[in-house]
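Inspection log for the structure reproduced underneath, given as structure tokens.
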Protein chains: 2
Amino acid sequence: MPPQSVTMADVAKAAGVSRTTVSFVLNGRMESSIPESTRERINQAARELGYRPNAAARTLASKRSSWFGLVTEIATSPFATDVIKGAQQAAWKDGNFLLVAPSEDDPGMEQLAVEKLLEQQVGGLIIATTWHREITVPENAKSVPCVLVNCFDAEREFPSIVPDEIGGGYAAAEILAEAGHTNIGHITLKTGIPAQIGRQTGMKQALLDHGIEPDDSKIVPGDGTADSGYHGTQTLLSQSDPPTAIFCGNDRIAMGAYDAIKERGLRVGEDISIVGFDDQEILAPHMRPKLTTIALPFEELGMAGVALLNQMVEGSPIENRQITIGCPPRIRSSVAMHGRR
Amino acid sequence: MPPQSVTMADVAKAAGVSRTTVSFVLNGRMESSIPESTRERINQAARELGYRPNAAARTLASKRSSWFGLVTEIATSPFATDVIKGAQQAAWKDGNFLLVAPSEDDPGMEQLAVEKLLEQQVGGLIIATTWHREITVPENAKSVPCVLVNCFDAEREFPSIVPDEIGGGYAAAEILAEAGHTNIGHITLKTGIPAQIGRQTGMKQALLDHGIEPDDSKIVPGDGTADSGYHGTQTLLSQSDPPTAIFCGNDRIAMGAYDAIKERGLRVGEDISIVGFDDQEILAPHMRPKLTTIALPFEELGMAGVALLNQMVEGSPIENRQITIGCPPRIRSSVAMHGRR
DNA sequence: ACGTTTTGCTAACACGATTCAGTAACGCGC
DNA sequence: GCGCGTTACTGAATCGTGTTAGCAAAACGT
């Protein structure tokens, strides 16, 4: 029964060797030739005493800590969870920890968060946002390797990892085109943000590639809310030649679209096909019919962030400073075949 | 421009005092008489050199770390975010950090997570779950103060903080009763879990208190999915004397209920009133009509966890080992007045 | 002028590891 | 039985801070 805390010295005494030897054995250093018998003796002593390494002491002595800092706006969105989760898992695999600090989208707060993380001797920093956008990185973040996730700085000074909005928009439109739709509407996100621009660009390209002429009158601006989806859908369905399918800028817009369609006595996934974006876990799979949508790979973003950070910390040259992660489609039941059937 | 890292010794040299004095001044120790002039000189030197304290060294020397460990199933649910957020903020206020470790609902994993957190010298542990239930706490968690959030151990050995399911169920039914409904249905969660039992108990009590005789035939078992809400609602509305209001065990059930009601050509919030539970951020406020529901106070749970942990770490006696946090109603538009209008 | 208290500091050890520079013992070839 | 290389370790310094014990000088009381 270990009383309070067992140190390496205790293990050394128990095994009848020096602290140095214990350190080598427990850290698996093979370069110093220590016979199997001794290793075994030390390991057993450590086990019996219930030895638990002291991370603070290790960090101090080795000048390398076992944790990364993640600063993010936890407040605003469930998306943050997924980034944390992905980063967490990736870090955990290498025995590293994540220190999560809140930025709350306030520049002063953000700088303080970074400062506090640096005090904790983090080996690297991830700065993540909940929606894809440009940010200015606090000055002090430059003290350690730093990766941006779901955002980027104007000067492209920091490596960044973002979702492939264009590819996602392309995939969404392609799903509809391949289902035989040629008259496809689009309700956008708030105009000007990277997600809106990318998704719309991808959509246009997909239409062109499938021999469909993009028609700007089928694109109605929204703002990402269910309300805007509802009204946008009303607008589209009131046209003289209403679309048979709508690509909604995100899942909440799709939610509003469902309501508008149902209200008109039409059926989602039969009369009108819908594709969303984001794949919100507690939304998309539970809508009726279940929403076909494009997933935002937040977990992968987080994992990629940590992976990149690992590279940087180890000093490996990084070949690609602007990584995009694909947005995979999630096929469910809100898209119907159209035309020749 | 600080080159690599500025230590207390550097500050001491710059200010022309000893390291001890610097330590006293920067930690705000007033018991050692140090004149304002010297304090000022030291503070300025620290500022100019860009001194950043080394948390690892401090932890090692003082044997008290500035972080708590939080182990939770990040994987499964967006709820985890809110607990993290609340705990985070509460910890941050006292200059403490949260080390988040994943348990993934696997006992082995959980024990490893705790072990790793202990190595990091956490001053206390929070074990949180994403749904209210009984757990068995890993043995090694007893090494430091430990609080359970949204769960409890069978022996009630650990202080725990849980939502007031009964009060929430009461509030939900009361909303409907006060709107004039007397024929109220209920679609439950998976039977046997604390949330189901508590919410249903609270509902019955509220009905009794409002002079309504609880009727078991109006209670249909569900499993927490939108599908079960859909089918449960079909069942209720097919009765000879269908309810005019339904209390849904959670928001997803309410989502299914909406669909069933709309499919029958009825209107939610006019013909049939609905109350949900959970107040899922990206769901309830975006449904049409917006869902009146009872919020699960995850953020408060997290905050209360850290607060309790602080008390325990400081050795204050804790008066209440079983804390319940209220579930506040969120009134929106899915409940209509009924009867005398 | 002399003891006593207060002021303003500092020396030195501790914390629990990592790590570099060695060294004693042993085997081996000749 | 001497030199040399290998094996199996160890001593001691170091990391940056907290903390206790104590000391020199100044201030104070009488």
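Below, read A as the first sequence line, B as the second, and so on, with proteins coming before strands; counting in each chain starts at 1.
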Indicate whether any N or O donor in one side chain lies under 3.5 Å from an N or O acceptor in the other, for [X] and [Y].
{"X": "T59(A)", "Y": "Q121(A)", "result": "no"}
{"X": "Q44(B)", "Y": "E48(B)", "result": "yes"}
{"X": "S65(B)", "Y": "Q120(B)", "result": "no"}

Could you walk me through whether K85(A) and E299(A) pass salt bridge (Lys or Arg N to Asp or Glu O under 4.0 Å), step by step?
CA-CA 6 Å; K85(A) 183 182 156 196; E299(A) 220 175 302; 3.1 Å; yes
Between [atom2] on [N] and [atom1] on [X], what's the gap in Å once rounded to a whole number?
{"X": "E36(B)", "N": "dT7(C)", "atom1": "CD", "atom2": "C1'", "value": "15 Å"}
{"X": "L26(B)", "N": "dG18(D)", "atom1": "CG", "atom2": "P", "value": "8 Å"}
{"X": "E40(A)", "N": "dC9(D)", "atom1": "CD", "atom2": "P", "value": "14 Å"}

With a 4.0 Å limit, can you tell me whether T38(B) has a side-chain N or O closer than that to the phosphate oxygens OP1/OP2 of dC9(C)?
yes
N-O pairing of E119(A) and R58(B) below 4.0 Å
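No, this pair does not count.
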Treat primed atoms plus P, OP1 and OP2 as sugar-phosphate and everything else as base, then score nucleotides 10-20 of chain C 5' to 3': B for base contact with protein heavy atoms under 4.0 Å, S for sugar-phosphate contact only, - for none.
BBB--BBBSBB
Does the side chain of L60(A) reach to within under 4.5 Å of the side chain of N54(B), using non-hydrogen atoms?
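Answer yes - side chains close enough.
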